[in-house]
Each structure stands twice: as C-alpha cells, then as structure tokens.
Participant: 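Quick one: the structure is below, questions incoming.
In what follows, chains carry the letters A, B, and so on, assigned in the order in which the sequence lines appear, proteins first and then strands, with residues in each chain numbered from 1.
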Amino acid sequence: MSEISARYNPLEVEEKWYSYWMSMQYFKSTPDGREPYSVVIPPPNVTGVLHMGHMLNNTIQDVLIRKARQEGKNACWVPGTDHASIATEAKVVRMLRERGIKKADLSRDEFLKYAWEWKEEYGGIILQQLQKLGASCDWDRTAFTMDEIRSDAVYKVFVDLHRRGKLYRKKRMVNWDPEARTVLSNEEVIYGMENSRLFHVKYQIEGTEEYITIATTRPETIPGDTAVAVHPDDPRYHAFHGKRAIVPLIGRAVPIIVDEYVTMDFGTGALKVTPAHDVNDFDLGVKHQLETVDVFNDDGTMSSAAGIYPGDDRFVVRKKFAADLDAAGYIVKIEDYKNNVGRSERTNAVVEPRLSLQWYVDMKALAGPALDAVESDEIEFFPKNQKNLYRHWMENIRDWCISRQLWWGHRVPAWYYGEFTFVAENIAEALEEAKKISGNLALTEADLSQDEDVLDTWFSSWLWPISVFDGFNSKEELNYYYPTSVLVTGWDIIFLWVARMAMAGFEWTGEKPFHDVYFTGMVRDKQRRKMSKQLGNSPDALKLIEDYGADGVRFGMLSCSPAGGDLLFDEKLVEQGRNFCNKLWNAMRLILGWTPDPSIEPTPLDQLAYNWMDEKLSVIALKVNEDFQQYRLSDALMSIYSFIWDDFCSWYLEMVKPGQGEPISEQCYTKTISIFTDICSLLHPFMPFITEEIWHQLKTNSQKGDCMLSPYPKGGKGDEIMLAAIEHAKTLITAIREVRAKNGLKSKEALPLYAKSSQIVSAFEKIGGYSPLVTKMAGLFSFEITDLEDIQGVNFIVDAEKYFVELQIEIDAAKELEEKQKELVHQLNFVDGILKKLTNERFVAGAPSDVIEKERKKLADGQERIRLLEQEVIKLKGLVN
RNA sequence: GGGAGGUUAGCUCAGCUGGUUCAGAGCACCUGCCUUACAAGCAGGGGGUCACUGGUUCGAAUCCAGUACUUCCCA
C-alpha cells in the first residue's frame with residue numbers, strides 16, 4: 001500500500017489513459033448495426049483558445065457521448081472548427097501589420113495565402129486543448145467549415161436557394177461596421193444605452209419667415225435630409241402640410257411629409273428624414289418616394305455627396321457641424337440625452353445604418369417546418385422555456401443578410417458580366433450560363449467578374465449537422481447518423497445557429513437536424529459578470545486542468561450547472577472536484593491494503609453491508625438514468641457524489657473494514673471490488689480518467705476490459721425493506737454519536753444500548769447482520785431489546801422507536817425538558833395536520849389510496865412519537881421540580 | 001416601448017402533475033478530533049414566515065391576481 005501515494009496525481013494518469021483510448025480507437029465510429037448516438041460539436045472559432053464556456057459545453061457533450069457508448073450505442077462525436085470570417089480576418093490583418101505588411105497592398109490571393117498559413121499554424125489549438133479535457137471525439141472526422149467538403153456544401157446550397165428564388169440580392173439598409181468596413185447581421189450588433197445630446201434644429205419654411213424645429217442626435221446626417229415629417233393629427237404643424245423646408249446650411253428644399261409613424265410627443269414632434277442613414281427613415285423614404293443622399297464613405301467619413309467636411313470622420317463632423325449650425329443661429333437648444341446605440345460585436349465601432357447592395361436569404365420561406373418542429377416538441381428543448389424565445393424570433397423572422405465585405409470566407413458564387421448575374425457552383429458553370437444568356441460564345445472566364453464579397457460564417461455553420469457527414473454528396477453516413485441525437489450549445493446563439501440549422505435541416509434533408517437541444521448557461525464569475533477577455537475575469541482553462549486535474553475541472557463545471565441556468569464559476573467548485581478525486585483514490589488505497597483470506601467466511605454484517613450496497617447502487621443508478629433522460633446532469637452527478645462519499649465511503653467501507661492487521665474474507669473483498677468497479681462505470685462519463693485508473697488498479701489480477709466500455713448500470717427499485725432498515729440504523733447510529741458528542745464521551749468508550757421492544761425493532765433485529773452492524777458502527781458494548789419504560793441514562797426517538805443509552809451521568813434535566821417539549825409541540829402540530837386531512841371527507845374520498853395509506857402511517861408514527869415524548873416530558877418535569 | 005423568466009438557509013441552486021417523518025442539497029459557518037484510506041480528511045451541529053399582499057382550496061413554497069425588486073430577449 002505504501003507505494004501508492006496518499007494523494008491522487010491526475011497529470012500522468014490523464015496522459016496515460018487518453019493515449020491508451022486513442023490507441024485502442026475507442027473514439028472512432030463507423031456505421032454498423034448498433035443504434036447510433038451522434039453529436040456534432042458546436043464548432044469553436046478557428047482563432048479560439050479554450051475558455052470556460054467551451055469547457056462546460058464540451059464536458060457536457062463528452063458526458064452524454066461516453067454514457068451512450070457504455071450503453072452499447074454507436075457513439076459518434078464529430079469535432080471541428082469554423083473559419084470565423086470577421087475575427088480571423090482581423091487577426092490576420094493584425095499579424096500582417098506587425099510584420100509591416102498592409103492589407104491594402106496585398107492582392108486577395110496573397111492575403112488568403114497568409115490567412116491559410118495562419119490557420120494551419122494556430123487553427124487547431126483549441127481541439128488539442130479539448131483532448132486535455134478528455135473529449136472523446138472521433139478525431140478522424142475533424143471538419144473545418146472551409147475545407148473542401150464543407151465549402152462545396154456552401155456553394156451548392158447558395159445556388160440551390162437562388163435557383164428556387166429563396167435567395168436574392170438587393171439594396172437595403174444594413175448595419176455597417178465602418179471600422180471593419182463590412183456589413184453585420186442584426187445578431188452581431190450589441191445595443192446599449194449611451195450618453196448623447198439631442199439637438200433641436202430649426203428649418204426655415206420655404207418662402208416664409210417661419211421655422212419648423214426638429215430634434216436629432218445626429219446633426220452630421222443633416223446633409224442627407226430629404227424630408228421633414230410630422231404626424232397628421234399634430235395641430236402644431238397643420239399649417240405646414242404640403243410646404244417645403246430648407247435644410248439649414250445645405251440649402252436643399254425638402255417636402256414636409258405627413259405620416260403616422262411620427263411620435264408626436266417625442267422631441268418637437270417634427271422628424272428629419274434621412275433615408276440613406278436610418279432604417280425607419282428609409283422605410284419612410286420608400287413610402288413617400290424620397291430621394292436618398294448618402295453622406296458617408298464606407299469608413300465612416302463624410303462623402304463628397306455630403307457637401308461638408310469631406311473626408312472628416314462622422315463624430316468629428318457632428319461637433320463641427322453642430323457648431324456651424326449654432327453660429328448661424330439654427331440651434332434652438334441642446335439637451336442631454338440617453339439613447340440606444342448599436343456597436344459592432346467585433347470592433348466595438350458604432351454601427352452605421354447604411355444603404356448597400358447585399359445578398360439575402362428569404363427566411364420566411366424556410367422558417368415554417370423549423371418552427372413547427374420545436375412547437376410540437378419533435379425537436380425537444382431543454383430547458384423548455386427556450387421555446388418562447390425561439391417562437392418569438394421565428395414568427396418575426398427577417399431576411400438574413402449573408403454577404404460580408406471581407407476576403408476570408410466562402411466567396412459569393414456569383415459572377416457578373418455586364419448587367420447579367422450568374423449564380424453557379426463554379427466559374428465554369430457560370431461561363432456556360434453566360435454564353436447561353438448573352439449569346440456570345442466567345443466569352444471566356446476572364447470576361448466574368450466574381451462577386452467580391454464572402455458569405456457570413458453562419459452560412460456554412462447552419463449546414464454543419466449535414467455537411468460533417470458529407471450529406472450533400474452522399475446519403476451513406478447521413479442515413480445512419482442523422483438526425484443527430486442532441487445538440488449542446490449556449491442559448492445565446494439560438495438564433496444565430498440553432499434556428500438556422502433547423503431550417504437547413506428541413507430544407508435539404510426534409511428532417512430535423514437533432515432530436516434534442518440542450519442549452520447550457522453562460523459561465524459567469526462570482527459577481528455574475530460574463531467571462532470575457534476584456535474584464536480578465538476568466539481563469540486560464542488549461543491552468544485549471546493542470547492544477548485540479550481534468551476530472552476535477554469537469555466535476556466543478558458540472559456540479560453547479562443546471563440546464564440553461566448560468567454557472568457562477570468559483571474555483572471552490574473545481575477544488576471540490578479535486579477533493580472528490582482524492583476521496584475516490586483513498587477509498588481505493590484502503591481496499592487495496594486489505595488482505596483477502598479465502599478461509600474466512602463473510603460475516604452476517606459483511607453480507608448485509610454488501611447486499612445493501614447492491615440495492616442502494618441500483619436505486620441510485622435508476623435515478624441517474626432518469627436524470628439523464630431530462631438532461632439533469634448536475635443532479636445525476638450529485639447523486640453519485642453523495643452515494644460514493646456518504647454511502648460507500650463513510651458507511652459501507654466502515655462497516656466491512658477489518659480490524660487493524662486483520663484479514664478480510666475473500667468473498668467480501670471481491671464483492672467490495674465489484675461494487676467499486678460498478679461505481680466507476682456509473683461515474684465514468686463524468687470523470688473518465690480517475691475511474692479508468694481505479695478500474696484497472698482494482699482489476700489487476702482478475703477481469704479484463706476497460707471502464708470506458710463497461711456497461712452502464714441500469715438500476716432498479718431496490719429492496720425497500722432492507723433500505724429502510726439501514727436508513728433507520730444510520731439515523732440510530734448518528735443519534736448515538738450525538739449522545740457521545742454532547743456528553744463528551746470518547747469514541748472508544750463502548751456504550752450499552754437498549755431498544756424499547758416493538759414490531760419494527762424486532763423485525764429489524766431479525767435481519768441478519770443488523771445488530772452487529774449497529775454495534776460496530778456506533779461503538780456499542782451491547783445492544784438489547786427491553787420492555788422497560790425507562791433506563792438510567794439518555795433516551796431518544798428514532799423514527800417512532802425509542803432507544804436508551806445506559807449512562808451513569810448527570811443530565812441537564814431542564815435543558816432536556818425544553819428540547820423535548822419543543823419537539824412535542826412540533827409533533828402535535830404534525831399530527832394535527834394529518835388528522836385534519838384524514839377527517840376531511842373530500843380528502844378521503846378524492847385522494848388516491850396509496851396517499852391515504854401513507855398519511856395513516858404518518859399519523860400512527862406521529863402518535864407513537866407523541867406518546868413517547870409525553871412520557872418523557874412527565875418524567876423530566878418530575879426531575880426538574 | 002413589447003415580451004419572457006426569476007425572487008426558497010450567508011452563497012449557488014433542487015423541490016415534476018398542490019398533501020408537514022421535505023422545507024432539501026452542495027459550499028460556507030460553529031464544535032470536537034492528526035481515530036494508520038483520505039486534514040484535499042473524520043464525527044457532530046446551528047441556520048429559512050419559501051419576496052410582499054390578497055384569492056382559490058379541507059390543505060399552497062407549489063395554482064391564480066396584483067405589488068416590489070431583478071435578469072434576459074426583442075425594438
């Protein structure tokens with residue numbers, strides 16, 4: 001025994017077993033006759049390094065996959081990364097800048113060469129880090145959204161949607177990131193309240209000396225004004241209907257239009273309309289056929305069309321132009337104001353609404369089946385309440401802008417020739433098409449120009465559950481693995497990803513992409529702040545694994561993360577995980593230190609103990625399986641945790657532990673090992689490394705096989721009478737220990753215990769090994785049943801049974817009396833409540849018979865306790881007086 | 001502005017279809033222990049009018065309404 005360290009050392013164990021599993025190809029999956037269980041990883045950014053969110057998310061997936069594997073299913077977990085257009089391009093640009101290279105000086109191809117180099121060098125880091133966590137992915141299947149198979153799928157889908165009229169190109173208002181100089185989807189814009197100022201500016205009414213005053217937070221857009229709008233019912237402005245206003249300092253005369261869109265009590269009730277720079281204004285512009293004047297360049301500086309300060313930044317111009325207006329007497333007043341400002345998720349630049357020509361997917365045409373599937377629980381959400389969010393978004397769905405003004409990504413498969421557009425999977429097809437349409441057979445590829453933009457990264461991610469199985473080329477694997485079993489992801493990308501995958505699934509396979517969706521919470525710090533790089537509040541994931549072991553970290557992540565609920569990360573959690581590993585480790589050391597002796601028969605106590613363990617294990621396993629059904633992983637883990645720590649270590653091992661230097665019966669030894677290995681099987685999905693290690697340490701000389709592939713315990717109801725008896729014994733033993741603690745008695749001092757005779761007590765006493773068990777665990781000198789009503793010493797009630805510990809000590813009668821009286825009151829209330837129930841006809845008539853039976857039992861027990869307590873109180877009163 | 005959720009021990013949360021041996025878990029806390037598997041431990045213990053108000057009911061942490069506070073989503 002001495003050669004085994006008293007502390008569990010995870011590092012070498014983890015390294016050893018991970019490479020062993022890999023060498024055995026245990027993670028590998030190919031279609032066969034077994035039931036499949038498939039999971040696709042939410043592909044992390046190729047730029048990413050492992051953070052807490054990944055650890056939580058991937059631990060959960062690994063738990064599910066490992067359990068499925070132990071259940072004999074063909075478990076397939078497909079790993080991969082996505083190319084993260086904006087983030088990666090930004091990273092590569094920065095890297096180039098550090099090397100003194102400007103993106104603007106490079107051709108597209110040159111830039112992409114650098115980008116791929118970067119990807120090859122750094123792109124796989126996160127996947128290697130997942131291995132440290134124990135992730136049992138089928139690494140041979142590692143996919144990347146820009147590899148050949150996944151890219152082909154993207155182009156196919158684009159062409160297909162276009163052909164069927166569900167994808168189009170149009171000039172619309174978009175969210176423009178002037179720093180990245182690209183469009184953003186709605187989901188990539190983060191809104192927040194910011195301090196700004198509301199400028200009240202007066203516009204002269206054409207041909208009069210009258211003015212109309214508008215309020216705006218953005219005076220720099222005034223050069224783009226092409227109307228002033230008022231509410232039709234606003235009496236202040238009736239006189240101006242049909243007239244024109246002069247845009248101050250610009251001199252443009254613009255119509256005063258009337259529209260119910262205007263909010264009368266906001267600002268002055270008059271609204272300047274700038275169709276090129278505001279979504280709502282754009283709609284007004286379309287409705288009233290207004291001119292659009294785009295006053296900005298794509299980097300947020302003023303354009304030549306603005307006529308003022310060309311080339312200056314919009315925020316600089318805001319100040320300058322406001323000052324000009326003021327100097328010219330057009331500013332009526334300036335108020336401090338808070339408004340909602342959208343910023344780019346990636347660059348934090350203030351998003352500029354901008355008119356631009358982009359590609360869109362007609363989402364209404366795709367949403368139907370995906371919405372229905374979730375509504376009907378055909379796709380089941382865990383937790384359920386995410387359905388509301390999903391429904392709301394799907395019912396108000398807007399078209400998806402999929403083009404991005406970047407180079408890193410899938411280039412839009414559209415080619416232009418003159419005024420023609422050809423959408424095709426490749427240039428050769430586009431050329432064929434071009435020849436046909438134009439009638440010019442002499443066209444060459446050089447005559448066509450491909451769209452400069454790339455597609456939104458999610459336009460490849462939404463195909464992921466299909467494309468990782470090469471499903472757009474071949475049905476072979478798709479038929480087996482698809483729909484996947486479960487998707488595990490954060491609720492924050494329910495729209496970006498989950499909804500879109502559901503749509504793509506129905507669109508191209510006619511089926512849902514997954515049966516279940518498990519939404520994890522966000523990992524936050526103790527102050528509930530989201531973990532982020534900026535705040536620096538995220539622990540180093542790999543450091544955590546080094547310090548606490550992968551199993552410890554997995555335990556920490558899981559033990560406190562109910563589905564959908566946020567995980568408030570605290571290093572205490574992983575510490576608990578590490579301590580748990582140590583506990584398991586030491587239980588193993590204890591057992592391995594025993595000397596089994598074939599010539600000794602197991603005692604009745606031994607037999608009772610291991611039979612009880614079997615029953616209890618069975619009950620726990622059943623509960624764990626039920627918890628898995630509902631994805632209550634943290635409940636499942638905590639059940640196993642307390643089963644191991646309390647039942648197995650604190651109770652069972654102490655029950656069967658032989659005395660110092662004494663041997664243990666071989667039967668009991670073998671049985672203990674078998675229980676422990678079952679425990680390893682049960683715990684393995686959560687803590688794979690230590691369970692594998694212990695499994696092998698315990699099995700060195702006997703059975704073969706690995707914990708990872710051992711059958712997962714199914715569990716059952718268990719022997720209720722035996723379970724109840726042991727629970728009673730445990731409570732009794734605890735009560736005796738309490739007597740010790742209260743009276744300052746040493747644990748070595750053996751005590752005589754008497755039980756007041758009763759049916760229950762005799763029944764328990766008849767169970768083989770019961771009395772020896774209590775005697776051993778409570779450190780008794782003797783344990784007898786008596787008919788005496790009182791014995792000198794301390795007495796107490798367990799369930800409805802009365803026990804006496806014979807003691808020659810003074811007891812504090814007054815204090816004891818107070819306690820017993822308090823308890824009596826509680827019991828009286830308890831019984832009173834049940835009596836009320838049982839005397840109520842409607843209850844007796846209506847409640848199910850087993851409920852009534854239970855109430856009767858509770859009543860009888862309660863009454864018995866009252867009887868015993870009353871006796872006691874009378875006796876104590878006598879002593880006090 | 002529209003919508004969804006939350007409010008249970010000091011902290012983080014369980015508590016499913018209403019029924020007091022269920023007010024529970026983990027952590028934290030207090031007391032006593034270096035009892036040779038484990039001090040990363042052992043034994044014992046104290047903590048809660050289940051946000052507030054009203055209603056339904058024989059009975060409410062659990063259902064309903066309102067109030068307060070709070071989180072989130074969408075605009």
Participant: Measure the CH2-CD1 distance between Trp695(A) and Ile690(A) for me, rounded to the nearest 0.5 Å.
Facilitator: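 Going from CH2 on Trp695(A) over to CD1 on Ile690(A), the span is 15.0 Å.
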Participant: If you look at every strand shown and take non-hydrogen atoms under 4.0 Å, does Arg740(A) touch a base, only sugar-phosphate, or nothing?
Facilitator: nothing
Participant: If you measure from the C1' atom in G46(B) to the same atom in U62(B), how many Å do you get, rounded?
Facilitator: 27 Å
Participant: Using whole Å, what does the distance between atom P of nucleotide C38(B) and atom CD1 of Ile591(A) come to?
Facilitator: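 About 14 Å, once rounded to whole Å.
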Participant: Pick the closest RNA chain B nucleotide for Leu568(A) and for Leu859(A) by heavy atoms, then say which residue is nearer the 5' end.
Facilitator: Leu568(A)
Participant: Between A23(B) and A60(B), how many Å separate the two P atoms, rounded to a whole number?
Facilitator: 15 Å
Participant: Between U31(B) and C38(B), how far apart are the P atoms? Round to whole Å, please.
Facilitator: 25 Å
Participant: Which part of the nucleic acid, if any, lies within reach of Arg391(A) when heavy atoms closer than 4.0 Å are counted: base, sugar-phosphate only, or nothing?
Facilitator: nothing
Participant: Taking only residues two or more places apart in sequence or in another chain, which ones pass side-chain contact (heavy atoms from CB on, under 4.5 Å) with Lys742(A)?
Facilitator: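 With sequence neighbours excluded, Lys742(A) shows a side-chain contact (heavy atoms from CB on, under 4.5 Å) to Glu738(A), Glu819(A), given in chain and number order.
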Participant: Between U36(B) atom P and Trp594(A) atom CH2, what is the distance in whole Å?
Facilitator: 16 Å
Participant: May I ask you to check whether Phe519(A) and Phe381(A) place their ring centers less than 6.0 Å from one another?
Facilitator: yes
Participant: Output yes when at least one side-chain N/O atom of Asn579(A) is less than 4.0 Å from OP1 or OP2 of G41(B), else no.
Facilitator: yes
Participant: Which atoms form the tightest heavy-atom contact between Asn9(A) and Glu12(A), and what is the distance?
Facilitator: ND2-OE1, 3.1 Å
Participant: Indicate, with yes or no, if the rings of Phe643(A) and Phe648(A) have centres closer together than 6.0 Å.
Facilitator: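 Not close enough - the centres of the two rings lie 6.0 Å or further apart.
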Participant: Would you indicate what Trp645(A) reaches in the nucleic acid, counting non-hydrogen atoms under 4.0 angstrom: base, sugar-phosphate, or nothing?
Facilitator: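 Sugar-phosphate only.
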Participant: Which one, C73(B), G45(B), C38(B), comes nearest to the side chain of Phe495(A)?
Facilitator: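 So the nucleotide nearest the side chain must be C73(B).
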Participant: Check every strand shown and say whether Cys649(A) touches a base, only sugar-phosphate, or nothing at a heavy-atom separation below 4.0 Å.
Facilitator: base
Participant: Please tell me which of the listed nucleotides, U21(B), A37(B), A40(B), lies nearest to the side chain of Ala587(A)?
Facilitator: A37(B)
Participant: Base, sugar-phosphate alone, or nothing: which one does Lys742(A) contact when heavy atoms must sit under 4.0 Å apart?
Facilitator: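 No contact at all - Lys742(A) keeps every heavy atom at 4.0 Å or more from the nucleic acid.
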Participant: Ring centres under 6.0 Å, that's the criterion: do Phe495(A) and Tyr390(A) meet it?
Facilitator: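 No.
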Participant: With a cut-off of less than 4.0 Å, is there a side-chain N or O of Lys583(A) near OP1 or OP2 of A37(B)?
Facilitator: no
Participant: Contact class for Ser650(A) (heavy atom, under 4.0 Å): base, sugar-phosphate, or nothing?
Facilitator: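 Here Ser650(A) touches the backbone only, sparing every base.
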Participant: Counting any heavy atom closer than 4.0 Å, what does Arg578(A) reach on the DNA or RNA strands: base, sugar-phosphate only, or nothing?
Facilitator: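 Base contact - Arg578(A) has a heavy atom under 4.0 Å of at least one base atom.
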Participant: Please confirm whether any donor atom in the side chain of Asp799(A) sits under 3.5 Å from an acceptor in the base of U21(B), or the reverse.
Facilitator: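 Donor-acceptor pair under 3.5 Å: no.
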Participant: Once side-chain contact (heavy atoms from CB on, under 4.5 Å) is applied, do any residues pair with Asp516(A), and if so which ones, sequence neighbours excluded?
Facilitator: Glu380(A), Phe382(A), Val486(A), Tyr631(A)
Participant: When rounded to the nearest Å, what value does the distance between P atoms of G24(B) and G19(B) take?
Facilitator: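 Going atom to atom, P in each nucleotide, I get 15 Å.
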Participant: Taking atom P of G44(B) as reference, at what distance in whole Å does atom CG of Asn743(A) sit?
Facilitator: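 One finds 15 Å between P of G44(B) and CG of Asn743(A), rounded.
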Participant: Work out how far the C1' atom of A61(B) is from that of G6(B), and round it to whole angstrom.
Facilitator: 14 Å
Participant: Do any pairs count as a salt bridge (charged side-chain N to carboxylate O under 4.0 Å, His left out) and have a residue in residues 629-647 of chain A, sequence neighbours left out, and if so which ones?
Facilitator: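 Only Lys616(A)-Asp647(A), Asp627(A)-Arg632(A), Arg632(A)-Asp635(A), Asp647(A)-Lys730(A) qualify under salt bridge (charged side-chain N to carboxylate O under 4.0 Å, His left out).
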Participant: Within the 4.0 Å heavy-atom criterion, would you say Glu654(A) contacts the bases, only the backbone, or no part of the nucleic acid?
Facilitator: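 Base contact - Glu654(A) has a heavy atom under 4.0 Å of at least one base atom.
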Participant: If the plane angle is over 60° it's perpendicular, under 30° parallel, otherwise tilted; pick one for Tyr803(A) and His728(A).
Facilitator: tilted
Participant: Are OP1 or OP2 of G44(B) and a side-chain N or O of Thr734(A) less than 4.0 angstrom apart?
Facilitator: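 Result: yes.
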Participant: Taking atom C1' in both U7(B) and G48(B), what distance in whole Å separates the two?
Facilitator: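 Going atom to atom, C1' in each nucleotide, I get 14 Å.
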Participant: Between G26(B) and U8(B), how many Å separate the two C1' atoms, rounded to a whole number?
Facilitator: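 Between the two C1' atoms, the distance is 15 Å.
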Participant: Nucleotides 27-31 of chain B: which of its N/O atoms have a protein N/O under 3.5 Å away?
Facilitator:
none

Participant: Which atom pairs link the protein and nucleotides 2-8 of chain B when you take only N or O atoms and keep those under 3.5 Å?
Facilitator:
residue, atom, partner, partner atom, Å
A4(B), O3', Asn388(A), ND2, 3.4

Participant: Take atom C1' in C13(B) and the same atom in C50(B), then report the distance between them in whole Å.
Facilitator: 13 Å
Participant: Calculate the interatomic distance between Leu869(A) atom CG and U21(B) atom P; express it in whole Å.
Facilitator: 16 Å
Participant: Check every atom of C73(B), A37(B), U21(B) against the side chain of Arg865(A) and return the nucleotide holding the closest atom.
Facilitator: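 Of all the options, the side chain of Arg865(A) is nearest to U21(B).
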Participant: Identify, with sequence neighbours excluded, every residue that meets ring-ring contact (aromatic ring centres under 6.0 Å, His included) alongside Tyr548(A).
Facilitator: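 In terms of ring-ring contact (aromatic ring centres under 6.0 Å, His included), with neighbours along the sequence ignored, Tyr548(A) is linked to no residue.
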Participant: Side chain of Arg632(A) only, please: which of G44(B), C38(B), G15(B) is the nearest?
Facilitator: G15(B)
Participant: Give the rounded distance in Å between these two atoms: NZ of Lys623(A) and C1' of G24(B).
Facilitator: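 Those two atoms, NZ and C1', are 12 Å apart.
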Participant: Less than 6.0 Å separating the ring centroids of Tyr610(A) and Tyr652(A)?
Facilitator: no
Participant: Between Arg7(A) and Ala741(A), which is nearer to the 5' end of RNA chain B once each is assigned its nearest nucleotide?
Facilitator: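 Closest to the 5' end, via its nearest nucleotide, is Arg7(A).
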Participant: Round to a whole Å and report the spacing from CD1 of Ile397(A) to C1' of A75(B).
Facilitator: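 Rounded to the whole Å, the gap is 16 Å.
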Participant: For the aromatic rings, using the six-membered ring if either is Trp, is the centroid distance between Trp585(A) and Tyr8(A) under 6.0 Å?
Facilitator: yes
